[in-house]
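For reference, the structure discussed in these notes is given below.
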Amino acid sequence: MTKTFKREVAVIMFGFLMLLCIFDLLTGGETPAYQWAELLALPIFGFGVAAFGLDAAAKQLPIGGQGARHMQSGLPPEGYAE
């Protein structure tokens, strides 16, 4: 399985959005940073929710992650008592 770095990119994007908002607060007015933050808020949050949500779903659902391997072997997943 290859590393995709989608969660790390989402964290960096959240940080960038936070920097835009902090810059606007420190300058004390409607700056272009405020307009960029408004424009980018929905796509950044959408990407972040998808990155973290899909990661959690992939780890929990037996569609191709760890759950599928344990179902094929007939053994319970690690950490479960028999």
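A ring-centre distance under 6.0 Å is not found for F23 and Y34.
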From CA spacing to verdict: side chain to side chain contact (heavy atoms under 4.5 Å, CB included), L40, F16
CA-CA 10 Å; L40 296 175; F16 176 70; 3.9 Å; yes
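Taking the six-membered ring where tryptophan is involved, the planes of F14 and F45 are tilted, since the angle between them lies from 30° to 60°.
The closest side-chain heavy-atom distance from E8 to K3 is below 4.5 Å. Between V9 and F47, the closest side-chain pair of non-hydrogen atoms falls below 4.5 Å.
In the hydrophobic clustering of ILVMFWY residues, with side-chain heavy atoms under 4.5 Å counting as a link, M18 and L26 come out together.
Distance check: L19 CG to D24 CG gives 12.5 Å after rounding to the nearest 0.5 Å. I12 CD1 to L17 CG: the interatomic distance, rounded to the nearest 0.5 Å, is 14.0 Å.
Annotation for L20 and A33: closest pair O-CB, 3.8 Å, computed over non-hydrogen atoms. Of all heavy-atom pairs between R7 and A51, the closest is CG-O, 4.2 Å. Nearest heavy-atom pair, G48 versus A10, reported as atom, atom and distance to 0.1 Å: CA-CB, 3.9 Å.
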